[in-house]
Amino acid sequence: MTSADHASAPASAAPDPGLLDEIERYYDAVPRNAARAEDFGPLTLFVRDGAGWPYYARPTLGHEGPAATADDVLRVLSRQRELGVPEAFEWVAEHDPGLRAAVEEAGLTVHEHPLLVLGPADEPGAAPAAAERVEVRVLAADAPELAAALAVPRLAFADPGTGIGALGTVELASAEQELAADGTARRVAERITAGTTVLAAALEDGTPLCAGQHNPVGRVTEVAGVGTLPAARRRGLGLAVTAALVSHARANGVRTVFLSAADEDVARIYRRAGFRPFATALIAEPATPDGTAG
């Protein structure tokens with residue numbers, strides 16, 4: 001899920017329960033190839049093994065006991081502090097509607113993000129034509145552009161929104177070097193080789209201007225981390241990369257593709273790619289002194 005701090009528009013009042021369960025199983029499965037799961041009754045904390053992305057706590061899959069309380073949330077928070085990992089919870093509002101009250105009682109701030117889906121019966125939107133000199137393709141594990149493609153979303157999320165920004169190729173070169181040096185590019189290359197991550201990028205004269213991923217588990221995948229270099233926004237590159245990821249997923253037997261958008265402005269862009277509003281993704285984090293997410 002995205003961790004940007006924006007409010008969403010209301011989702012459908014009654015999402016299909018089968019699809020909700022399918023996505024819930026996906027969310028439980030994805031961290032397990034790189035993290036260990038710690039049991040806290042109605043909640044599960046995923047803790048990464050070694051270097052890599054930090055994870056979060058979320059509702060325990062198939063839990064049939066009492067719903068999570070503020071005390072359950074506080075126990076998880078204590079463990080997260082002990083481990084020195086982010087104090088974060090992620091879940092789907094419509095699947096676990098009672099959890100919000102518990103995390104808010106425990107002192108966390110909840111942020112809403114539109115959850116959109118492209119189900120088996122949904123037709124993806126027409127792929128936008130790439131601009132002249134722009135090539136959109138899925139990158140191999142040994143692609144020379146890999147580190148730069150991973151750096152693009154990092155810069156995009158550092159300057160959120162849909163307007164043209166100042167960060168450009170100079171900042172990209174520096175961020176690319178950081179990701180190559182800290183092992184991030186190597187770890188993603190390993191995931192590409194293993195088939196757990198697919199990375200697509202829009203390149204102009206060999207320079208990535210937009211990139212994103214999908215992370216398949218069986219016949220379900222999430223499109224995540226699609227970001228455009230701020231200086232290159234307003235060119236349709238995010239839609240082009242998303243279309244490439246959807247096309248790859250469909251060609252490889254994926255039937256359900258979903259994503260969470262930072263806000264309703266971003267969700268409108270994805271609706272042009274054929275995605276439809278489905279539910280609401282929630283992220284809970286401690287508030288900073290200014291009242292924003294930590």
Side-chain angles (χ1 to χ4, degrees), residues 1-8 23-61 63 67-115 153-154 156-158 160 182 184 187 191 197 213 215 217 222-227 258-263 266 279-294:
M1 294 184 186
T2 178
S3 59
D5 175 15
H6 295 282
S8 74
I23 289 176
E24 193 67 18
R25 289 193 298 273
Y26 173 92
Y27 275 138
D28 181 80
V30 163
R32 292 182 182 270
N33 61 18
R36 69 178 186 274
E38 296 191 1
D39 181 13
F40 288 83
L43 299 169
T44 297
L45 173 62
F46 293 101
V47 182
R48 71 184 180 194
D49 289 324
W53 295 275
Y55 288 102
Y56 39 75
R58 57 175 300 103
T60 297
L61 185 68
H63 177 71
T69 65
D71 285 342
D72 294 316
V73 174
L74 290 169
R75 286 196 301 124
V76 175
L77 286 171
S78 177
R79 177 60 172 157
Q80 289 172 321
R81 292 172 191 141
E82 177 186 346
L83 293 168
V85 300
E87 298 170 27
F89 293 72
E90 298 188 6
W91 73 102
V92 178
E94 291 78 359
H95 193 274
D96 293 276
L99 183 54
R100 180 168 190 156
V103 299
E104 289 180 334
E105 184 179 344
L108 299 180
T109 298
V110 178
H111 306 283
E112 301 181 357
H113 307 279
L115 192 64
R154 176 173 290 193
F157 300 145
D182 70 9
T184 297
R187 290 191 294 272
R191 290 178 59 85
T197 288
Q213 305 176 17
N215 302 286
V217 175
E222 180 181 21
V223 172
V226 177
F258 74 99
L259 56 84
S260 59
D263 57 24
V266 176
T280 307
L282 299 182
I283 297 175
E285 302 169 307
T288 58
D290 65 1
T292 61

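When reading the values below, keep in mind they use all heavy atoms of this one structure, side chains included, and skip hydrogens, waters and symmetry mates. What you see is a predicted model; the values in this text were computed from it and never measured. Positions are given from 1, in the same order as the sequence printed here.
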If you compare all heavy atoms of [X] against all heavy atoms of [Y], which two are closest, and at what distance to 0.1 Å?
| X | Y | answer |
| --- | --- | --- |
| Thr60 | Gly41 | OG1-O, 2.8 Å |
| Leu45 | Leu83 | CD2-CD1, 4.2 Å |
| Leu61 | Glu24 | CD1-CG, 4.0 Å |
| His113 | Ala261 | CB-O, 3.1 Å |
| Ala29 | Val217 | CB-CG1, 4.0 Å |
| Ser260 | Ala281 | CB-CB, 4.2 Å |

- prompt: So, do Val76 and Val73 sit near enough that their side-chain heavy atoms are less than 4.5 Å apart?
  reply: no
- prompt: Are Arg100 and Glu112 ion-paired here, with the side-chain N under 4.0 Å from a carboxylate O?
  reply: yes
Whether [X] side chain and [Y] backbone form a donor-acceptor pair below 3.5 Å:
| X | Y | value |
| --- | --- | --- |
| Glu87 | Gln80 | no |
| Tyr26 | Glu222 | yes |
| Asp72 | Thr69 | yes |
| Glu94 | Thr280 | yes |

field: Pair Phe46-Asp28, side chain to side chain contact (heavy atoms under 4.5 Å, CB included): steps then yes or no
entry: CA-CA 9 Å; Phe46 293 101; Asp28 181 80; 3.7 Å; yes
Separation between [atom1] of [X] and [atom2] of [Y], rounded to the nearest 0.5 Å:
| X | Y | atom1 | atom2 | value |
| --- | --- | --- | --- | --- |
| His63 | Thr44 | NE2 | OG1 | 9.5 Å |
| Leu282 | Leu99 | CG | CG | 8.5 Å |
| Trp91 | Asp96 | CH2 | CG | 9.0 Å |
| Glu285 | Glu90 | CD | CD | 8.0 Å |

- request: Go through the side-chain N and O atoms of Arg187 and Thr184 and say whether any donor and acceptor fall under 3.5 Å apart.
  value: yes
query: So with a 6.0 Å cut-off around CD of Glu105, is the heavy-atom count from everything else above 12?
result: no
field: Pair Phe258 + Tyr27: ring centers closer than 6.0 Å
entry: yes
task: For Arg191 and Asn33, run side chain to side chain contact (heavy atoms under 4.5 Å, CB included): C-alpha distance rounded to whole Å, both residues' side-chain angles, the deciding distance at 0.1 Å, then the answer.
output: CA-CA 10 Å; Arg191 290 178 59 85; Asn33 61 18; 3.5 Å; yes
